[in-house]
Engineer: 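Submitted below is the structure of interest, expressed as structure tokens.
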Amino acid sequence: MDTVSPVKSLTRRISTTVAGVAGAVVLAGCAQNAPQDTWKPKGDNAQMIYSLDKLVFPIAGIVGVLVSALAGYIFVKFRDKGQAIPAQSHGKPIVEIVLTIVPALILTVVGVFTFRTIMDLAETQDTEMIINVTGQQWWWEYDYPAQADQGITQPIITSGQLVIPEDTNVLLRETSRDVIHSFWIPALNGKKDAVPGRIHLLRMQADQPGIYAGQCTEFCGLSHANMRMEAIALSKEDFAKWVANQQKPYTAPAEGTLAKEGEGVFINQCARCHQVNGIKDANGKAIISAPDENVYSGAAPNLTTLMTRNTFAGAMFDMVNQKCRADVWDAKSEDFGAKYLAGVTEDCLNEKNLRAWLRNAPAMKPMYADPAKLEKTNGLYRGMPNLGLTEDDIDKLVAYLLTLK
Amino acid sequence: MITPGSKYFLGLTGLGLVSAVLYCFLVNPSDLGAYALFGLFISAALIAGFSIFTSDGDTDSVAEAVEANTETTAPSFWPIVFALGGALTLLGIATNEIVFVLGLAVLVGGAVEWVIDDWAEKASADTEFNSFIRHRAIGALDYPGIAAVVLGVVAFLFSRIMLTVSKDEASIIFIIVSALIFVTGFLLAAKPALRGKSTAIISVVGALVLAVAGVTSALNGERKELVKYAKEDPYSISHRECGKEAGEHYDHEANGSVSLRSGVIATIFVEGGKIRAQEVGLKRDVQAITIPRSNSTTILFRNLDSEEYRLVANLGEAKVGTTDVMEKVGTCTQLTGKNEEQALTVTIPKPSNPEAPYTLTVPGATGEIKVVVP
Amino acid sequence: MAIIERPGTSTTPVVVTPQQTLGAVKRPVATKGWREWLFTVDHKKIGIMYGVVAMVFFIIGGVEALLIRLQLAMPDGQILSADKYNQMFTMHATTMVFLFAMPMAGAFANYFLPLQIGARDVAFPRINALSLWLLIIGGLVLNASWFLGGAADGGWFMYAPNSGPIFSPSHGVDFWVIGLQIAGVASLLGSINLIVTVLNMRAPGMSLMKMPVFTWMILVVQFLLVFSLPVITVALVLLMLQRSYGATFFDVSQGADPLLWQHLFWIFGHPEVYVLILPAFGIISEVLPTFARKPLFGYPFVVFSGASIGLVGFGVWAHHMFASGLGPVSVAVFSVATMAIAIPTGVKIFNWLLTMWGGKIWYTTAMNFAIGLVVLFTIGGLSGVTHSVAPSDTQQTDTYYIVAHFHYVLFGGMVFGLFSGFYYWWPKVFGKMLNEKLGAWNFWFMVIGMNMTFGPMHILGLQGQPRRMYVWTEARAGEGFFNLGFWNLVASIGSFILAVGVLFFLINVVITARSKQQAPLDPWDARTLEWLTTSPPKAHNFDRIPVVHHLDEFFHRKYEEDTATHTMKKVAEGEDLVRAEGDAADAHIHLPSPSYWPILLSIGVGLLGLGVVYGIPMMVIGFAITLFSAYGWVLEPSVAEEIDFEPSDNDGNTKEIAPLG
Amino acid sequence: MAETATHTADHASEHGHETSTGLTNNKLAMWLFLGSECLLFGGLISTYMLYRGRVSDGPHPMAIFDIPFTSVSSFVLLMSSLTMVLAVSSAQRGDDSRTNLWLTITAVLGATFVGGQVYEFTAFIREGLGFSTSLFGSSFYTLTGFHGIHVSVGVLMLLSTVGIIRKNKITGNKAEVVELVGLYWHFVDVVWIIIFTLVYLIPS
């Protein structure tokens, strides 16, 4: 048979591969890249993990290069050059033992550091603030229990964007209403699953104001890919402003405006599931939404301060247009707070997506919203159904929603 | 090639198909009968295919053999079984489903056995050979069939007897019956002479006693408290008694520890007759706990006093059914002794009203903890 | 009973005249056509069928993978809907793990294990056939779901409660649960069968420490299967009871703990990883010594490291759950245990390298694939070490970094090992050599394609792209050298290069099948017993059961050490040794007749399973067929009745269902 | 005609020479199967132990268990192990008629045990513990039901063995077949003892 003897190209290929992977791994650390870059820590917790990475990846890289070099050497040196068939030696135990002990020692060192970091990341004694984080197909709800020492006198409820004060040890208490989700803001900490029926604690701390991207990382069904989140860190003063704004009472739009008509549409169509705190019907009676009667998982995003958030539909869509988005995302940390707190103005509104969403939500995001297919849940939706709004209604609704800030 | 053996099955296949289709049109395509008839069709087709496939011998000799044997037909009791099955099936259509399925099973079983018997008898001139091939064709089903019937009959009748007598008698009857079986075994093993006829007598008597007792019991119905339980269901949530005193059923044999620790969002303590609360993740006492809306949330109750207490969640009021009568909604743990824990899992679908919040209280202890649902 | 009378022995073959047409149930005797394959109990034919089935599923799984890569080549892909995409990655993993990797390893194990230990068949030939047919039925049930309302869509790990009746309303998960249970039973039976074969049926003189490493690794794998499959069976049963019969095991509103599923799944799932990789380790532990012309360096170390990988593999399952919310102490323990498992794995890598050290390396396609495994697996192993560090893993898990890791381990490791096995053993199985030129194309396309596909995934993962997303968005892609868009495209292109590589293999198979050229009996100057017989081997494997004196018995029959130079000199040609065996053949070799029951029983079990979806009547039919076949099986005569044999051939010799040597 | 069979197909390949371990293939396989079964029951028992205290609705375990009754039925199953031993020893002596007697007695004892379980399940359902009532219900019925199915299969095996021995249709070593059935039966008994202890006796 024909002998293939591609020794040289083999070694070349292997060394390129190894170099490529190692190079990629090293370079990935020093580039300005994707917002979910795991090697750009922006808080203490992520920094602890990154410090471990800085130990482990070089070790792995060096071992990889050494092994590959040894392999390449062997492939060239001992190729069939017509030498005699060597003696049938079955190995030397001493070599084996050394080759067992050396990796064991390296791993012991890594193990000690790992152990310490695991314990540090599980610490809850230094918590300054707690936030309940609840996952649901396919969005996140954040609620802030009243904590007078953090300036939160009334509980706050929001979704899409988690807002935290800078340099504060926040403890997230994660859970889920339906399936397992996973909360992950790479710049601030590793991920932790939000498991229904369990409370999982996750430390969060941000060094400076800014916006940090994240993504649900436990497969959670149809629209898993569209379940995103953003964490917003604000300076302490800005955070106090944000809290004050969240807690201010509801003001109905002035009579006779388009927004007032929009409020009517909202009460008819949206208030079945979406709560707006303080909204009252024509008789002056407070409206309590009943998502538990319409949605399988029993909740829908609270829209009281919708226009203070930059995203909607589980952070799948931007509430602001491209330009305003870039403005917030690229802001320097000292300007960031002001820009974020400005909320969504009429100029910035991403009307196209918002209207499309109101027109036919299931077409924008895969959800279980087809009434014909909801046999197993007794007709309860998983996601937002198509409400069949007219363009007129949508105009009014958009005008109304813009007042929710 | 189509062999005589397979013809019967082909016939059965056709019959099965036709009756299945008829059934679908005339009765109901989605109920058990249709499935059963299609099942008959499929199994018959399968066996037919199988026998065509495997009977690859010389057909001429078979034809001769069939000719030679047309007169010597032995008596068969399968037609009777078949007829019984038919009667049961008809009865079942008129009365209830179990009888119908039973009848169908007997019908199919009888038919298969009959057809195979008939076919085997005509297979050749050699009766010994015929019985051999009969066994080869169907023998595999005889043992498990009989064994299953024995097991089913014994287990069913025996359980009926015990359901009728009282709890204690059930144990006693169990002891007696098993002891009898055991002793019989030893007697028969020790005295080989007793085997043979007397074994048969013992078996028949035993079976008769079991059958009579079992059938009588089944007709008599179950013992009183079982019937009562089934009617009342004392465990339903509306039967919970959430007062200071022990309830009749609910507090019976309470659990003293909780395995749901990982799901606890807050802990409520009773200490010195007062209640206090701690949120998970925060190390200080709080007056109100915040839990997410519509989420099943576990609250741990830990009693540090020597008296027995229970934790009660007061979850507002709701209309009873379709009437306008308002009734308090709530739930509670069982009574909990000193240093014991219980978990209370609540799901609150509506946000709390700041004027009349939900509360957690402990009857007999002072204080209350507010439950806030944003 | 096939009684193989050797030509030249004095026994006259019995001529049987059929007297009667017989009933439904007799032992089949056909030696020709499709019946030969359908009812066979010959471990070699079963092995080949395993291989064919696995290859078909490899192609199906591969097409699924290509669709996935097409969808992800560009942002906001439109090739697949969210629903279809979720089904696609679920079935890709399920197919590759359960219907390709395990059966393909099964193919090698079935074919070569009896040959390597000098046995005439496995311990339970009919059970062997049953395993095959159950696997096929399981695979069909799994894939039938595509046409019956949609495939399973919960990911191959099928985490509860997302896999429950509410959250996955189609029947896909039901089919998945049933298919896997059936395939699980198949694997369990197969593993018991192979363990008994190895422990009980070794040729005289072959002690455990003289067994070929491939046999050793297969033995370890079978033990892993025996003790891990029941655990996944429990999980599947619980899920099935929940989905179809109203049980509450994963119903959180009743207080259920979703982590129960994860623990059960990964207690099986982690040993499963070794079930996948160890056979490939075994294969290259045969290939490397053969082509380096040296015995495996540190044979006992390789064997024991294999066994200890298996053992420790049972104690590290929770490293798949570092982000699931275990307590810090359990996380720490599992983290350290996971690091520990890197040690025996490292030992293996070094032993393979040292096997080649001082050798006389002959680069054939088989050898290239084996070397490819050593290098690519090392990369995968090292990335594995980086996520044994639990805190780092919380940044990496469920991202493409993990996808990169396990594809380096499973594709670069397992698949390369299997391809090495194809090229190495093809002449043994089919008597023809695969074309080496096409083999080189095959190898290089696969190496390049594989690195192009999975290499960039390291970057994608560390840049924060989660897995199992049917679309990725431009908004989170970043810019510059590491932007997700570029590397996703590279990975997608790589996957097609990879596919072309596999296509070269298929072309090679076709060309080889059409070629008339027969392979030499000992083309590689091989070392183990399977080469001490004809190619392809006779139905009864060995004309004479060999007596074993050495590890690498066949090699030591060919070579002796030159005491002066400490090199080996050839004293006998392999071909001559094989012929000598034929001349000294045993008379009266008994082999079991084929049987109808394995395939019939499998059909019964399949219907029984489908009854979970389609209702009790189908279950009853399935149960009846199962019971009928089981008893037919038990009562089946070990010999086909004399009258059952087909009419005599021209030579009047009807009982020879096994071709003569 | 079928009697012409002298040994099973599965034995054929090693007919006439010793196995490497000295255990027959069948016995080794049975042991491996039972080893695997241990993990099956291990998984089910773990599930039960995790869930037994989780009663969101319906009765608690200790409220409905009838310990005296279950003790009796456990004892009956234990005794059937004794009769199984007698059957195996009769089979080894070649005493067909006693073998059949003891196999039958074992099977009938097994059947009464199953009867006891049917009674217990029915009573529990009447007392408010349905399969879907609570996690305790689901895991209890699954665990004990799985065991019950194992016992039922055992009874079918025992009675079929009786039938096959009577018809003298057995292929292979008769004593070994009985012994294999016996191994399975003892395993099922031992598992029950563990279930009885963990499920019924140790309070949750």
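Just so we're on the same page: letters track the sequence lines, and every chain starts at 1.
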Engineer: Contact part of A:E218 toward chain C, heavy-atom cut-off under 4.5 Å: side chain, backbone, both or neither?
Structural biologist: both

Engineer: When you measure from the side chain of A:Q36 to the backbone of C:Q463, do you find a donor-acceptor pair of N or O atoms at a distance under 3.5 Å?
Structural biologist: no

Engineer: At a heavy-atom separation under 4.5 Å, does C:Q262 approach chain A through its side chain, its backbone, both, or neither?
Structural biologist: side chain

Engineer: Quick one: of A:I59, A:T117, A:I106, A:N226, who has the most non-hydrogen atom pairs under 4.5 Å with chain C?
Structural biologist: A:N226

Engineer: Within the distance-only criterion (no hydrogens, no angle test), does the side chain of A:T38 pair as donor or acceptor with the backbone N or O of C:L462 below 3.5 angstrom?
Structural biologist: yes

Engineer: To the nearest 0.5 Å, what is the distance between CD1 (A:I97) and CZ (C:F301)?
Structural biologist: 5.0 Å

Engineer: Under 4.5 Å from any heavy atom of chain A, what part of C:T399 do you find: side chain, backbone, both or neither?
Structural biologist: side chain

Engineer: Would you say the side-chain atoms of A:Q88 pair up with the backbone N or O of C:E561, donor to acceptor, closer than 3.5 Å?
Structural biologist: no

Engineer: Looking at every non-hydrogen atom in both residues, tell me the closest pair between A:A60 and C:T386 and how far apart they are.
Structural biologist: CB-CG2, 4.1 Å

Engineer: How far apart are the closest heavy atoms of A:V179 and C:P161, and which atoms are they?
Structural biologist: CA-CG, 3.9 Å

Engineer: Roughly how far, to the nearest 0.5 Å, is the CG atom of A:D193 from the CG atom of C:L326?
Structural biologist: 9.5 Å

Engineer: With heavy-atom distances below 4.5 Å as the criterion, would you say the side chains of A:V67 and C:I349 are in contact?
Structural biologist: yes

Engineer: Go through C:D83, C:V252, C:V329 and name the one with the most non-hydrogen pairs under 4.5 angstrom from chain A.
Structural biologist: C:V252

Engineer: For A:Y296 and C:F167, what are the C-alpha separation, side-chain angles and deciding distance, and is it a ring pair (Phe, Tyr, Trp, His ring centres under 6.0 Å)?
Structural biologist: CA-CA 10 Å; A:Y296 180 76; C:F167 299 110; 5.7 Å; yes

Engineer: Of the non-hydrogen atoms in C:P391 and A:L121, which two are nearest, and what is the gap between them?
Structural biologist: CB-CD1, 3.8 Å

Engineer: Taking side chain as everything from C-beta outward and backbone as N, CA, C, O, which of these in C:A82 sits under 4.5 Å from a heavy atom of chain A? Side chain, backbone, both or neither.
Structural biologist: both

Engineer: Quick check: do C:I361 and A:D80 have side-chain heavy atoms less than 4.5 Å from each other?
Structural biologist: no

Engineer: Measure the shortest side-chain to side-chain distance between A:R198 and C:D257 over non-hydrogen atoms and say whether it is less than 4.5 angstrom.
Structural biologist: yes

Engineer: Can you name the nearest heavy-atom pair linking C:I166 to A:R382, along with the distance?
Structural biologist: O-NH2, 3.2 Å

Engineer: Given that the side chain runs from C-beta out, which part of C:A404 has a heavy atom under 4.5 Å from chain A: side chain, backbone, both or neither?
Structural biologist: neither

Engineer: Heavy atoms only, distances under 4.5 angstrom: which of C:P295, C:S388, C:A332, C:P289 has the most pairs with chain A? Name it, please.
Structural biologist: C:P295

Engineer: Heavy-atom pairs under 4.5 Å with chain C are the metric here; pick the option from A:P103, A:P186, A:A122 that has the most.
Structural biologist: A:P186

Engineer: If you count heavy-atom pairs within less than 4.5 Å of chain A, which of C:D153, C:T397, C:L354 leads?
Structural biologist: C:T397

Engineer: At a heavy-atom distance under 4.5 Å, which candidate from A:G214, A:A104, A:A194, A:P196 has the highest pair count against chain C?
Structural biologist: A:P196

Engineer: Examine whether an atom of C:Y159 lies under 4.5 Å from a heavy atom of chain A, and if so say whether it belongs to the side chain, the backbone or both; otherwise answer neither.
Structural biologist: side chain

Engineer: Does any heavy atom of chain A fall under 4.5 Å from the side chain of C:F89, the backbone, both, or neither of them?
Structural biologist: side chain

Engineer: Identify which part of A:H224 has an atom lying under 4.5 Å from any heavy atom of chain C, answering side chain, backbone, both or neither.
Structural biologist: side chain

Engineer: Testing the basics here: between A:I180 and C:A160, what is the closest heavy-atom pair and its distance to 0.1 Å?
Structural biologist: CD1-O, 3.4 Å

Engineer: Is it the backbone or the side chain of A:V95 that comes under 4.5 Å from a heavy atom of chain C, or both, or neither?
Structural biologist: side chain

Engineer: Verify whether one side chain among A:E96 and C:N351 offers a donor that lies under 3.5 Å from an acceptor in the other.
Structural biologist: yes

Engineer: Given a strict heavy-atom distance threshold of 4.5 Å, which part of A:L70 is in contact with chain C: side chain, backbone, both, or neither?
Structural biologist: side chain

Engineer: Keeping the roles fixed (side chain from C:K360, backbone from A:Q83), state whether a donor-acceptor pair exists under 3.5 Å.
Structural biologist: yes

Engineer: Please look at C:L296 and chain A and tell me whether the side chain, the backbone, both or neither of the residue comes under 4.5 angstrom of a heavy atom of that chain.
Structural biologist: backbone

Engineer: Please flag which part of C:S392 lies under 4.5 Å from any non-hydrogen atom of chain A: side chain, backbone, both or neither.
Structural biologist: both

Engineer: About how many Å separate CZ of C:R468 and OG1 of A:T217, when rounded to the nearest 0.5 Å?
Structural biologist: 10.0 Å

Engineer: Taking it one step at a time, do A:E230 and C:R476 satisfy salt bridge (charged side-chain N to carboxylate O under 4.0 Å, His left out)?
Structural biologist: CA-CA 11 Å; A:E230 283 160 18; C:R476 301 276 172 101; 3.3 Å; yes

Engineer: Check the angle between the aromatic planes of C:Y363 and A:F75 and answer parallel, tilted or perpendicular using the 30° and 60° thresholds.
Structural biologist: perpendicular

Engineer: By a 4.5 Å heavy-atom criterion (distance strictly below it), what part of A:D178 contacts chain C: side chain, backbone, both, or neither?
Structural biologist: both

Engineer: Using a 4.5 Å cut-off on heavy atoms from C-beta on, say whether the side chain of C:M469 contacts that of A:C216.
Structural biologist: no

Engineer: Determine the minimum heavy-atom distance between C:P165 and A:K376, stating which atoms define it.
Structural biologist: O-CD, 3.5 Å

Engineer: Tell me, out of C:P466, C:G358, C:P258, who's got the most heavy-atom pairs with chain A below 4.5 Å.
Structural biologist: C:G358

Engineer: Between atom OG of C:S163 and atom CZ of A:F219, what is the distance when rounded to the nearest 0.5 Å?
Structural biologist: 10.5 Å

Engineer: Using heavy-atom distances under 4.5 Å, tell me whether A:V195 contacts chain C through its side chain, its backbone, both, or neither.
Structural biologist: side chain

Engineer: For a 4.5 angstrom cut-off between non-hydrogen side-chain atoms, does A:T100 reach C:I343?
Structural biologist: yes

Engineer: What's the separation between atom CD1 in A:I85 and atom CG in C:D562, rounded to the nearest 0.5 Å?
Structural biologist: 12.5 Å

Engineer: Flag the one option from C:W472, C:F291, C:Y85, C:F555 with the top tally of heavy-atom pairs under 4.5 Å to chain A.
Structural biologist: C:F555

Engineer: About how many Å separate CD1 of C:I459 and CG of A:D37, when rounded to the nearest 0.5 Å?
Structural biologist: 11.5 Å

Engineer: Taking the side chain as C-beta and beyond, is there a heavy-atom pair between C:N162 and A:Q137 under 4.5 Å?
Structural biologist: yes

Engineer: Test your reading of the model: is there a side-chain donor-acceptor pair from C:K294 to the backbone of A:P86, 3.5 Å cut-off?
Structural biologist: no

Engineer: Would you confirm whether the ring centroid of C:W362 sits within less than 6.0 angstrom of the ring centroid of A:F78?
Structural biologist: no

Engineer: Would you please name every residue forming a side chain to side chain contact (heavy atoms under 4.5 Å, CB included) with C:S335, sequence neighbours left out?
Structural biologist: A:T114, A:I118, C:F322, C:M339, C:A390

Engineer: Chain A: which of C:N483, C:L259, C:V347 shares the most heavy-atom pairs with it under 4.5 Å?
Structural biologist: C:L259

Engineer: Would you call A:F113 and C:V389 a side-chain contact if the rule is heavy atoms closer than 4.5 Å?
Structural biologist: no

Engineer: Taking side chain as everything from C-beta outward and backbone as N, CA, C, O, which of these in C:F250 sits under 4.5 Å from a heavy atom of chain A? Side chain, backbone, both or neither.
Structural biologist: neither

Engineer: Mind running ring pair (Phe, Tyr, Trp, His ring centres under 6.0 Å) on A:Y73 and C:W357 for me, showing each step along the way?
Structural biologist: CA-CA 9 Å; A:Y73 176 75; C:W357 185 279; 5.8 Å; yes

Engineer: Walk me through it: do A:K191 and C:D398 pass the test salt bridge (charged side-chain N to carboxylate O under 4.0 Å, His left out)?
Structural biologist: CA-CA 9 Å; A:K191 56 186 75 71; C:D398 281 319; over 6 Å; no

